[in-house]
Amino acid sequence: QVQLVESGGGLVQAGDSLKLSCTASGSFFSSYNMAWFRQAPGKERKFVAGINWTGGRTDYEDSVKGRFTISRNNTKNAVYLQMNSLKTEDAAVYYCAAANTIIVRPSPSDYDSWGQGTQVTVSS
């Protein structure tokens, strides 16, 4: 397993941009598929974006396609989520997660390691 720490959350206005970072410690980060999930109050944790271990394949939830970009830097043991054109409905706690699976999967149950989460608040 890897230990994950997110950062970069905050309060922004609708239309603004924000970049989340997730730094991993532990072994073999470069062998993990990584993903960002989010959870709004009273709602289930949902897949936002995922990236495979090489960084060559990415997947996005439909509502964020064209606005969010996931990337990773395996030399820095880090994964990022660039969020542009933020909407009020993007507000949530965002979690970084790692999975030792063959492909990126959207189900939280496929992920072995989780960060503590970072709050993103979007005002109108």
Side-chain angles (χ1 to χ4, degrees):
Q1 286 191 342
V2 292
Q3 293 75 48
L4 305 172
V5 178
E6 303 96 335
S7 62
L11 171 62
V12 296
Q13 292 187 330
D16 284 352
S17 298
L18 203 59
K19 185 174 184 178
L20 305 183
S21 299
C22 173
T23 302
S25 59
S27 302
F28 307 113
F29 169 79
S30 61
S31 66
Y32 285 87
N33 294 325
M34 301 296 297
W36 288 94
F37 288 78
R38 65 186 178 188
Q39 188 168 19
K43 296 189 176 181
E44 294 182 348
R45 191 169 298 188
K46 291 188 176 181
F47 176 84
V48 175
I51 188 166
N52 76 335
W53 63 280
T54 68
R57 181 183 173 94
T58 57
D59 291 295
Y60 296 93
E61 191 269 326
D62 286 345
S63 70
V64 308
K65 286 180 180 177
R67 299 189 299 122
F68 290 12
T69 302
I70 188 171
S71 61
R72 68 188 296 163
N73 185 330
N74 286 343
T75 62
K76 295 184 176 181
N77 279 13
V79 62
Y80 310 98
L81 185 67
Q82 176 68 48
M83 305 185 293
N84 298 330
S85 302
L86 281 161
K87 304 177 180 180
T88 55
E89 53 263 43
D90 294 319
V93 177
Y94 283 71
Y95 297 90
C96 174
N100 195 3
T101 54
I102 296 175
I103 61 173
V104 173
R105 296 183 180 276
S107 173
S109 62
D110 288 314
Y111 291 79
D112 308 305
S113 301
W114 293 85
Q116 82 289 351
T118 186
Q119 178 73 51
V120 172
T121 304
V122 184
S123 64
S124 59

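Bear in mind the structure is a predicted one, so any value in this text is a computation, not a measurement. We're numbering straight along the sequence, starting at 1.
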Closest non-hydrogen atoms of Gly50 and Val104, given as atom of the first, atom of the second and distance, are CA-CG1, 3.8 Å
Locate the shortest heavy-atom distance separating Ala91 from Ala40; write the atom from each residue and the value. O-CB, 4.0 Å
Side-chain heavy atoms nearer than 4.5 Å, only ILVMFWY residues, links allowed to pass through others: does that put Leu81 and Leu86 together? yes
Would a hydrophobic clustering, with Ile, Leu, Val, Met, Phe, Trp and Tyr connected at side-chain separations under 4.5 Å, put Val122 with Val48? yes
Tabulate below the donor-acceptor pairs under 3.5 Å that side-chain atoms of residues 7-21 make, not counting sequence neighbours, or state none.
{"residue": "Asp16", "atom": "OD2", "partner": "Gln13", "partner atom": "N", "Å": "3.1"}
{"residue": "Ser17", "atom": "OG", "partner": "Asn84", "partner atom": "OD1", "Å": "2.9"}

Give a yes or no answer on whether the side chain of Asn33 reaches the backbone of Tyr111 with a donor-acceptor pair at less than 3.5 Å. no
Between Gln1 and Asp112, the two heavy atoms sitting closest are NE2-O, 3.3 Å
Pair Lys65 + Asp62: basic N to acidic O under 4.0 Å: yes
Please list all pairs passing the disulfide bond (SG atoms under 2.5 Å apart) test where one or both residues lie in residues 76-124, with sequence neighbours left out. Cys22-Cys96
Do Gln39 side-chain atoms and Ala92 backbone N/O form a donor-acceptor pair below 3.5 Å? no
Within the side chain of Asn52, is there an N or O that forms a donor-acceptor pair under 3.5 Å with the backbone of Gly55? yes
Is Arg67 positioned over the aromatic face of Tyr60, cation under 6.0 angstrom from the ring centre and no more than 45 degrees off axis? no
Check for me, please, whether Val64 and Met83 land in the same ILVMFWY cluster - side-chain distances under 4.5 Å, paths through other members count. yes
In Å and rounded to the nearest 0.5 Å, what is the OG to CG distance from Ser25 to Asn77? 8.0 Å
If every non-hydrogen atom of Met34 is compared with every non-hydrogen atom of Val79, which pair is closest and at what distance? CE-CG1, 3.9 Å
Closest heavy-atom pair, Pro108 versus Trp114, reported as atoms and distance to 0.1 Å, is O-CZ2, 3.5 Å
Could you tell me which non-hydrogen atom of Arg38 sits nearest to which non-hydrogen atom of Phe68, and how far apart they are? NH1-CE2, 4.0 Å
Please step through side chain to side chain contact (heavy atoms under 4.5 Å, CB included) for the pair Glu61 and Lys46, ending with a clear verdict. CA-CA 9 Å; Glu61 191 269 326; Lys46 291 188 176 181; over 6 Å; no
Do Val120 and Tyr95 land in one hydrophobic cluster if side-chain heavy atoms of ILVMFWY residues count as linked below 4.5 Å? no
Is the Phe47 ring parallel, tilted or perpendicular to the Phe37 ring (thresholds 30°, 60°)? perpendicular
Kindly work out whether a path of hydrophobic side-chain contacts (I/L/V/M/F/W/Y, heavy atoms less than 4.5 Å apart) joins Leu4 to Trp36. yes
